[in-house]
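Okay, structure first, notes after.
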Amino acid sequence: MSGEQLNEVRKVIWLTGASSGIGRSLALGLAAEGHQVIASARSDVELAVLETLSSNITALPCDITDASGLSFLRARLSHLSSHLDQIILCAGNCEYLDFPEPDWDMVTRVMEVNYFGAVNCVKTALPLLRQSAAERPHIVAVASMVTDAPFPRAEAYGASKAAMRYFFDCLRLDLRSEHIDVSVVNPGFVDTPLTQKNNFPMPFLLSAEDASRRIIENLESRPKNYSFPKRLLCLLAVSKILPALWQKIVLNGADGKARQDVLNEKVGE
Ligand SMILES: NC(=O)c1ccc[n+]([C@@H]2O[C@H](COP(=O)([O-])OP(=O)(O)OC[C@H]3O[C@@H](n4cnc5c(N)ncnc54)[C@H](OP(=O)(O)O)[C@@H]3O)[C@@H](O)[C@H]2O)c1
């Protein structure tokens, strides 16, 4: 697809994490709305399948942690479009520390994808966002509601998402004079390959389709932060108001069922 072709349609969006879960649903949802989606992930096979589902989707396989390949990645993006109107940084990795003998290297591994990977994408895409004819180009970072409360074993994942959230909250200030908006999206639990390996209760679990629909609808108003579902956000507020109770909730009961019951009781389900 040539740059000229891409420029004829609505928004040109670079979306990472498009091969699976929330990102895949976002790609299909945005393409269905007529936007031109440049879809990235490492899995070229999955991206090729995605391309067959909509003529508005163009695959751009890449590893966002490959800092040495960023100029080449920018060149490949520029080849597809002379500009970007929006980037949605959805690629992510979640691994948990196992005590008493954690794999400490994993902290670096998770940070490399979730934090440095996202920064790499901003570095790559910013010149193309500056070329946008849109009144306000838009950077969207998919962080997580995990940053609203401490969870056992989530040191690496939570810290990477907190770093991400802080980075983008600051970036918003620095790009304001250039009229580039920055939104941070914080999903709760969403049923995807990333969470399907979890062996603990996930209250208010949403489908990837539901999550992507909410994200697409809410991004229209360019929120600084968008956290969903609200019921989970209220529940996580317990960690700040009553930290001792929160600790009891997340640590209580070795089996997940006990914790699920406490959680449901707290929100009056
Ligand atoms: N599911 C949830 O409950 C939940 C909650 C809060 C936040 N989130 C966040 O939402 C985002 C999407 O998560 P998901 O649940 O949809 O997970 P997922 O199904 O596992 O998707 C993760 C995506 O990231 C891509 N990715 C991973 N490492 C990459 C790398 N080095 N370079 C390029 N792409 C890479 C994966 O593609 P390849 O493997 O093909 O590269 C895949 O497309 C993540 O940032 C996650 O942290 C998820």
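Atoms within a ligand are numbered from 1 in the order they appear, just like the ligands themselves.
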Under 3.5 Å, N/O to N/O: give me all the pairs between ligand 1 and the protein, one per line with atom names and distance.
unit_1, atom_1, unit_2, atom_2, d
ligand 1, 1 (N), Val190, O, 3.1
ligand 1, 1 (N), Thr192, OG1, 3.3
ligand 1, 3 (O), Gly188, O, 3.3
ligand 1, 3 (O), Val190, N, 2.7
ligand 1, 3 (O), Val190, O, 3.3
ligand 1, 15 (O), Thr192, OG1, 2.5
ligand 1, 16 (O), Ile22, N, 2.8
ligand 1, 19 (O), Ser20, OG, 2.5
ligand 1, 19 (O), Gly21, N, 3.4
ligand 1, 24 (O), Gly92, N, 3.2
ligand 1, 28 (N), Arg42, NH2, 3.4
ligand 1, 31 (N), Asp63, OD1, 2.9
ligand 1, 32 (N), Ile64, N, 3.0
ligand 1, 37 (O), Ser19, OG, 2.9
ligand 1, 39 (O), Arg42, NH2, 2.9
ligand 1, 40 (O), Ser19, OG, 3.0
ligand 1, 40 (O), Arg42, N, 3.4
ligand 1, 40 (O), Ser43, N, 2.9
ligand 1, 41 (O), Arg42, N, 2.8
ligand 1, 41 (O), Arg42, NE, 2.7
ligand 1, 41 (O), Arg42, NH2, 3.4
ligand 1, 43 (O), Gly17, O, 3.1
ligand 1, 43 (O), Ser19, N, 3.3
ligand 1, 43 (O), Ser19, OG, 2.7
ligand 1, 45 (O), Cys90, O, 3.0
ligand 1, 45 (O), Lys161, NZ, 2.9
ligand 1, 47 (O), Tyr157, OH, 2.6
ligand 1, 47 (O), Lys161, NZ, 3.0

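Side-chain N or O atoms of Asn186 include none that pairs as donor or acceptor with a backbone N or O of Ala143 at under 3.5 Å. Put simply, the side chain of Lys11 never gets that close to the backbone of Gly34: no donor and acceptor are under 3.5 Å apart. Looking at Ser183, its side chain does come within 3.5 Å of a backbone N or O of Pro223 through a donor-acceptor pair.
Residues in residues 41-67 take part in no salt bridge (Lys or Arg N to Asp or Glu O under 4.0 Å) pair, two or more places apart or across chains.
By the neighbour-count criterion of 12 heavy atoms within 6.0 Å, atom CD of Gln196 is densely surrounded, having more than that number from other residues, nucleotides or ligands. For Arg136, the CZ atom sits in a packed shell: over 12 heavy atoms of surrounding residues, nucleotides or ligands are nearer than 6.0 Å.
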